[in-house]
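Worth saying up front: this structure is predicted, and the values here are computed from it rather than measured.
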Amino acid sequence: MSHLDQAARDGVKRALREQRIETPSWAYANSGTRFKVFAQPGVPRDPYEKIADAAVVHRLTGVAPTVALHIPWDRVDDYAALAKYASDRGVALGAINSNVFQDDDYKLGSVTNPDPRVRRRAVDHLLECVGIMDATGSRDLKLWFSDGTNYPGQDDIRARQDRLAEALSEVYDRLGAEQRMLLEYKLFEPAFYTTDVPDWGTAYAHCLRLGPRAQVVIDTGHHAPGTNIEFIVAFLLREDKLGAFDFNSRFYADDDLMVGSADPFQLFRIMNEIVAADALRPEYGIAFMLDQCHNIEPKIPAIIRSVMNVQEATAKALLVDREALAAAQAAGDVLGANAVLMDAYDTDVRPLLAGLRADLGLDPDPIAAYRRSGYAEKIAAERVGGRQAGWGA
């Protein structure tokens with residue numbers, strides 16, 4: 001930070017202090033691959049215990065004040081009571097994620113299924129999720145569809161897009177004035193011939209037709225190898241259609257590894273576009289969410305590490321000398337412009353973030369603080385019996 005004056009340094013710290021990262025309820029539960037889910041001691045058995053764990057992450061990091069729910073995995077009888085439980089522990093309920101992919105009825109699709117009965121069931125579930133948003137005060141309805149086909153000729157590709165548009169329109173019309181629809185995309189899996197929302201362009205086109213409260217979710221693991229994700233970020237920012245991120249990392253496909261673990265430079269490049277557009281501020285509206293599958297690593301420390309990885313990438317993006325970068329770009333100085341970015345990326349921001357946490361009254365090292373807290377041992381001893389939460393629970 002030596003090249004920045006005091007005012008600039010204060011601005012960097014202020015931006016980091018205001019950063020908000022949403023953690024997912026399902027990341028605290030047992031999760032894994034198609035081949036095996038490894039159970040761990042102390043894993044939550046219900047949504048209340050998931051929220052208790054999320055509150056610990058927020059207490060240690062200071063930047064994770066909301067937790068996303070997944071329905072029906074987090075279904076309860078009284079959502080207002082669940083919201084109060086969260087509030088009493090210093091967090092709030094965030095995005096409501098729908099699930100129209102874990103039922104036998106959805107073998108050939110949900111909202112794009114050729115059977116109108118199945119489509120009706122799927123849309124009714126999405127409308128149920130909006131009702132849950134009303135009860136919890138959640139702003140965002142997050143939609144991901146596994147819908148697609150495996151073989152040429154299996155179904156009419158254009159007709160499936162018509163069915164998708166019809167379903168989205170019905171749900172969009174049900175949203176409250178302050179609520180949003182966030183549409184996610186995925187290149188493939190579990191549909192391998194065609195996926196009905198396979199890329200950002202398809203999601204963008206549907207959101208554009210729906211209206212201003214429909215925006216795109218970028219899951220950083222949902223792209224073909226070599227895809228320039230920061231271009232997608234920049235384009236959607238320009239069009240005011242970037243609603244949220246699902247942050248994770250991948251080596252091969254949708255690996256759902258801890259964000260920043262496989263390619264930290266990519267995470268920096270993404271956050272650089274966010275900072276350049278002044279879109280980091282909470283009032284801008286982008287939901288920075290984690291969506292990860294912790295299979296072999298302990299749940300809570302892995303989530304804390306992911307939050308810290310996002311913070312570090314953001315801090316480096318905030319350190320980019322924007323004036324020097326603009327000057328180099330205007331002069332056509334290719335190497336100079338690249339050097340400005342690399343200077344920021346190569347900066348060790350860990351002391352900066354440790355100092356910021358100390359300023360906020362937090363332990364400079366959240367992972368070490370968690371290990372000293374005894375919380376892992378406490379929940380392992382207390383959460384004996386019952387059914388651990390996981391995929392489908």
With salt bridge (charged side-chain N to carboxylate O under 4.0 Å, His left out) as the test, would you mind laying out the steps for Asp53 and Lys299 before giving the verdict?
CA-CA 9 Å; Asp53 290 355; Lys299 311 297 181 179; over 6 Å; no
What verdict does the side chain to side chain donor-acceptor pair (under 3.5 Å) test give for Asp291 and Trp26, after you've listed the backbone C-alpha separation in whole Å, the side-chain angles of each residue and the deciding distance to 0.1 Å?
CA-CA 8 Å; Asp291 180 18; Trp26 55 95; 2.9 Å; yes
Could you give me the CA-CA distance, side-chain angles and deciding distance for Leu69 and Leu82, then say whether side chain to side chain contact (heavy atoms under 4.5 Å, CB included) is met?
CA-CA 11 Å; Leu69 299 185; Leu82 188 67; 3.8 Å; yes
Evaluation steps, side chain to side chain contact (heavy atoms under 4.5 Å, CB included), between Asp103 and Arg121
CA-CA 11 Å; Asp103 191 278; Arg121 180 183 178 188; 2.9 Å; yes
Does Asp196 form a side chain to side chain contact (heavy atoms under 4.5 Å, CB included) with Arg163? I'd like the steps, not just the answer.
CA-CA 10 Å; Asp196 292 325; Arg163 299 168 199 155; over 6 Å; no
For a side chain to side chain contact (heavy atoms under 4.5 Å, CB included) check, start with the C-alpha distance between Leu126 and Val111, then their side-chain angles and the critical distance, and finish with the verdict.
CA-CA 10 Å; Leu126 304 185; Val111 297; 4.1 Å; yes
Asn248 and Asp256: side chain to side chain donor-acceptor pair (under 3.5 Å), yes or no, with the steps?
CA-CA 5 Å; Asn248 52 62; Asp256 275 340; 3.2 Å; yes
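Ile51 has its side chain within reach of Leu93: a pair of non-hydrogen atoms, C-beta onward, lies under 4.5 Å apart. Two residues are said to be in side-chain contact when any heavy atoms from C-beta on lie closer than 4.5 Å; Ile274 and Leu242 meet this criterion. Considering only heavy atoms from C-beta on, Asp254 stays 4.5 Å or farther from Arg250 through its side chain. Residues Leu108 and Asp155 fail the side-chain proximity criterion, which asks for heavy atoms closer than 4.5 Å. Taking the side chain as every heavy atom from C-beta outward, Tyr345 and Asn272 never approach each other to under 4.5 Å. Within the 4.5 Å cutoff, the side chain of Asp105 has heavy atoms near those of the Arg117 side chain.
Heavy-atom neighbours of Arg75 CZ from other residues, nucleotides or ligands within 6.0 Å: above the threshold of 12. Within 6.0 Å of atom CZ in Arg371, 12 or fewer heavy atoms from other residues, nucleotides or ligands are found, so the atom counts as exposed in its surroundings. The environment of Glu166 atom CD is sparse: at most 12 non-hydrogen atoms of other residues, nucleotides or ligands sit within 6.0 angstrom. Environment of CZ in Arg17: crowded, with over 12 heavy atoms of neighbouring residues, nucleotides or ligands closer than 6.0 Å.
Ion pairing between a basic and an acidic side chain is recognised when a charged N comes within 4.0 Å of a carboxylate O; Asp162 and Arg158 show no such pairing. A salt bridge links Arg350 with Asp348: the closest approach of a Lys/Arg side-chain nitrogen to an acidic carboxylate oxygen falls below 4.0 angstrom.
Nearest heavy-atom pair, Asn295 versus Gly32, reported as atom, atom and distance to 0.1 Å: OD1-CA, 3.3 Å. Ala135 approaches Tyr79 most closely through the heavy-atom pair CB-CB, 3.9 Å.
The side-chain tip of Arg305 does not point at the ring of Tyr370 from less than 6.0 angstrom away and within 45° of straight on.
In this structure, Phe245 and Phe288 have parallel ring planes: the angle between them is below the 30° cut-off, well short of the 60° mark. Classification of the Trp73-His70 ring pair by plane angle, with boundaries at 30° and 60°, yields parallel. Classified by interplanar angle (parallel below 30°, tilted 30° to 60°, perpendicular above 60°), the ring pair Phe265/Phe268 is parallel.
In the hydrophobic clustering, Ile296 connects to Phe38, either directly or through intervening members, whenever side-chain heavy atoms lie under 4.5 Å apart. When hydrophobic side chains of Ile, Leu, Val, Met, Phe, Trp and Tyr are connected at separations under 4.5 Å, Ile157 ends up as a singleton with no cluster partners.
A side-chain hydrogen bond (donor to acceptor under 3.5 Å, both in side chains) with Gln215 holds for exactly one of Arg180, Lys241, Glu239; it is Arg180.
Counted by atom type alone, Thr202 and Asp199 present one or more donor-acceptor pairs between their side chains at under 3.5 Å.
Side-chain atoms of Asp147 come within 3.5 Å of backbone N or O of Thr112 as a donor-acceptor pair. A donor-acceptor pair under 3.5 Å is absent between the side-chain atoms of His294 and the main chain of Ala27, judged by distance alone.
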